[in-house]
Amino acid sequence: VTRASLKLLDPDRLAAYISKKEKQKSQLSLADEEQVYEMLNVTRNGAPTLAALMSFCVYPQGLFPQLGIEAAVMSGYGTGSTNAVDHKRIEGPISDMMEEAAEFCKRNMKTKITINPDTGMREDRTDYPINAVREAILNALIHRDYSAHTERIPVQVLIFAGRLEIHSPGTLYGRMTIDQLGKTRPVLRNPALAVMAESQLGPEIRYSGIPAIREEVKAYGLPDPVFENRRDEFV
């Protein structure tokens, strides 16, 4: 992104990422800062990459206004005309957007109080397992199409009376099909972004994609999640 500069990146987030990668790859310690940035895809020819802006910039939407999340609670089941009864525009770097969107979902879910039969402890049970929601939102942000064709389209998180939908701009990447999801190794559309995001995740997020979502939903006793590859989006 030639109109951006390294001054837009949060120095603490960036330093933590570089430190983590240098511990994993000792050879990086032999390079100077400029070389490290280039090798880790933080910069390209000295300018910050889109991956770096989406990962380390305090407010990447200042440069790309639509690369955020539109979250909404919809009235009814979405079979006819529906209106948003709650709406929030979520912005910031990817890790922050994931957490804020997950919190929006949690706040707008019904919560039941249950007693764990094994421990006898009280537990709060939301409509959907929150870790599966985080995984799905994270996948939408990392694997979306960031090209000029879709850069004006945000990720959408929609809560209806009977389901939660997450819309990611762009269809499945490469030759991947719906039937292959979670069964074959995917070809990453945005590999640099995936590596940066994974390094910033908390311990509760495995970033293992579709299999993790399926496991969480199954353990919760809910029907299998449904995946749809539509004309211009993956849902």
request  = Could you check Glu99 against Arg134 for salt bridge (charged side-chain N to carboxylate O under 4.0 Å, His left out), going step by step and ending with a plain yes or no?
outcome  = CA-CA 7 Å; Glu99 290 296 344; Arg134 281 197 185 98; 3.1 Å; yes
task = May I ask you to check whether Glu70 and His167 show a side-chain donor-acceptor distance below 3.5 Å?
result = no
inquiry  = Any heavy-atom pair between the side chains of Val155 and Pro169 that's under 4.5 Å?
reply    = yes
request  = Let me see the working for Leu28 and Lys21 under side-chain contact (heavy atoms from CB on, under 4.5 Å), right down to the final yes or no.
outcome  = CA-CA 8 Å; Leu28 288 174; Lys21 300 306 290 184; 4.1 Å; yes
inquiry  = A quick test of your reading: do over 12 heavy atoms of other residues, nucleotides or ligands sit less than 6.0 Å from CZ of Arg152?
reply    = no
Distance, nearest 0.5 Å, that separates CG of Leu141 from OG of Ser55 = 10.5 Å
inquiry  = Could you check whether Tyr220 and Tyr128 have their ring centres less than 6.0 Å apart?
reply    = no
key: Ile90 side chain reached by Asp96 side chain, heavy atoms, under 4.5 Å   = no
key: Nearest atoms (heavy-atom pairs only) where Pro225 meets Arg214   = CG-CG, 4.0 Å
ask   = Which heavy atom of Ser95 sits nearest a heavy atom of Arg13, and at what distance?
value = OG-NH1, 3.3 Å
query = At their closest point, which heavy atom of Met109 faces which heavy atom of Val133, and how far apart are they?
reply = CE-CG2, 3.9 Å
request  = Starting from the C-alpha separation in whole Å, work towards a yes-or-no answer on side-chain contact (heavy atoms from CB on, under 4.5 Å) for Leu138 and Ile94.
outcome  = CA-CA 8 Å; Leu138 183 63; Ile94 280 180; 4.0 Å; yes
query = Is any side-chain heavy atom of Leu53 closer than 4.5 Å to a side-chain heavy atom of Phe64?
reply = yes
task = Indicate yes or no: at least one non-hydrogen side-chain atom of Gln200 is less than 4.5 angstrom from one of Lys20.
result = no
message = A quick test of your reading: do over 12 heavy atoms of other residues, nucleotides or ligands sit less than 6.0 Å from CD of Glu34?
response = no
key: Over all atoms of both residues, closest heavy-atom pair of Ile166 and Ala140   = CG2-CB, 3.7 Å
remark   = Between Arg89 and His87, the two heavy atoms sitting closest are N-CE1, 4.2 Å
query = So do the side chains of His143 and Leu188 get within less than 4.5 Å of each other, counting heavy atoms only?
reply = yes
message = How about CZ on Arg3, more than 12 heavy atoms from neighbouring residues, nucleotides or ligands closer than 6.0 Å, or not?
response = yes
inquiry  = Let's go through Val195 and Tyr17 carefully: what are the C-alpha distance in whole Å and the side-chain angles of both, what is the deciding distance for side-chain contact (heavy atoms from CB on, under 4.5 Å) to 0.1 Å, and is it a yes or a no?
reply    = CA-CA 10 Å; Val195 170; Tyr17 174 66; 3.7 Å; yes
task = State, yes or no, whether a side-chain contact exists between Ile153 and Gln66 at a heavy-atom distance under 4.5 Å.
result = no
Single-linkage hydrophobic cluster Val235~Ile142, side-chain heavy atoms < 4.5 angstrom = no
task = Consider only side-chain N and O atoms of Asp179 and Thr177, and report whether a donor and an acceptor are under 3.5 Å apart.
result = no
query = Between Arg122 and Ile115, is there a donor-acceptor pair closer than 3.5 Å when you use the side chain of the first and the backbone of the second?
reply = no
query = Are the side chain of Arg163 and the backbone N or O of Tyr77 linked by a donor-acceptor pair below 3.5 Å?
reply = yes
request  = Look at atom CZ of Arg189 and say whether more than 12 heavy atoms of other residues, nucleotides or ligands are closer to it than 6.0 Å.
outcome  = yes
task = Kindly compute the distance separating NZ (Lys25) from CG (Leu30), expressed to the nearest 0.5 Å.
result = 14.0 Å
query = From Glu103 CD over to Lys106 NZ, what is the distance, rounded to the nearest 0.5 angstrom?
reply = 6.0 Å
request  = Give, for atom OG of Ser5 and atom NZ of Lys7, the distance between the pair rounded to the nearest 0.5 Å.
outcome  = 6.0 Å
inquiry  = Checking the side chain of Thr49 only, and the main-chain atoms of Asn41 only, is there a donor and an acceptor separated by less than 3.5 Å?
reply    = yes
request  = Consider only side-chain N and O atoms of Tyr146 and Glu151, and report whether a donor and an acceptor are under 3.5 Å apart.
outcome  = no
key: Side-chain donor/acceptor of Gln61 to backbone N/O of Gly92, under 3.5 Å   = yes
ask   = If you draw a 6.0 Å radius around NE2 in His149, do more than 12 non-hydrogen atoms from other residues or ligands fall strictly inside?
value = no
key: Salt-bridge contact Glu123-Arg125 (side-chain N to carboxylate O under 4.0 Å)   = no
inquiry  = Nearest 0.5 Å, please: how far is CG in Leu172 from CG in Asn229?
reply    = 4.0 Å
query = Run the side-chain contact (heavy atoms from CB on, under 4.5 Å) check on Val36 and Ile18 step by step: do they pass?
reply = CA-CA 8 Å; Val36 170; Ile18 298 298; 4.0 Å; yes
inquiry  = Counting C-beta onward and ignoring hydrogens, is there a side-chain heavy-atom pair between Ile69 and Phe104 closer than 4.5 Å?
reply    = no
message = According to a hydrophobic-cluster definition based on side-chain heavy atoms being under 4.5 Å apart (Ile, Leu, Val, Met, Phe, Trp, Tyr only), do Val1 and Tyr59 belong together?
response = no
Nearest heavy atoms of Ala102 and Ile130, plus distance in Å = O-CD1, 3.5 Å
ask   = Side chains of Leu6 and Phe56: does their closest heavy-atom pair fall under 4.5 Å?
value = no
request  = May I ask you to check whether Glu22 and Ser29 show a side-chain donor-acceptor distance below 3.5 Å?
outcome  = no
task = Please determine if Lys218 and Glu216 form a salt bridge, counting it only when a charged side-chain N lies under 4.0 Å from a carboxylate O.
result = no
inquiry  = Quick check on the hydrophobic clustering: are Leu222 and Val157 connected, directly or via other members, by side-chain heavy-atom contacts under 4.5 Å?
reply    = yes
ask   = So, the side chain of Ser75 versus the backbone of Asn83: is there a donor-acceptor pair under 3.5 Å, distance only?
value = yes
message = Closer than 3.5 angstrom, by distance alone: can the side chain of Asp32 be matched with the main-chain N or O of Gln35 as a donor-acceptor pair?
response = yes
key: Straight-line distance of Thr150 OG1 to Leu67 CG, nearest 0.5 Å   = 8.0 Å
ask   = Is Glu38 reaching over with its side chain to a backbone N or O of Asn45, donor-acceptor style, under 3.5 angstrom?
value = yes
ask   = With hydrophobic residues grouped by side-chain heavy-atom distances under 4.5 Å, do Val42 and Met39 end up in a single group?
value = yes
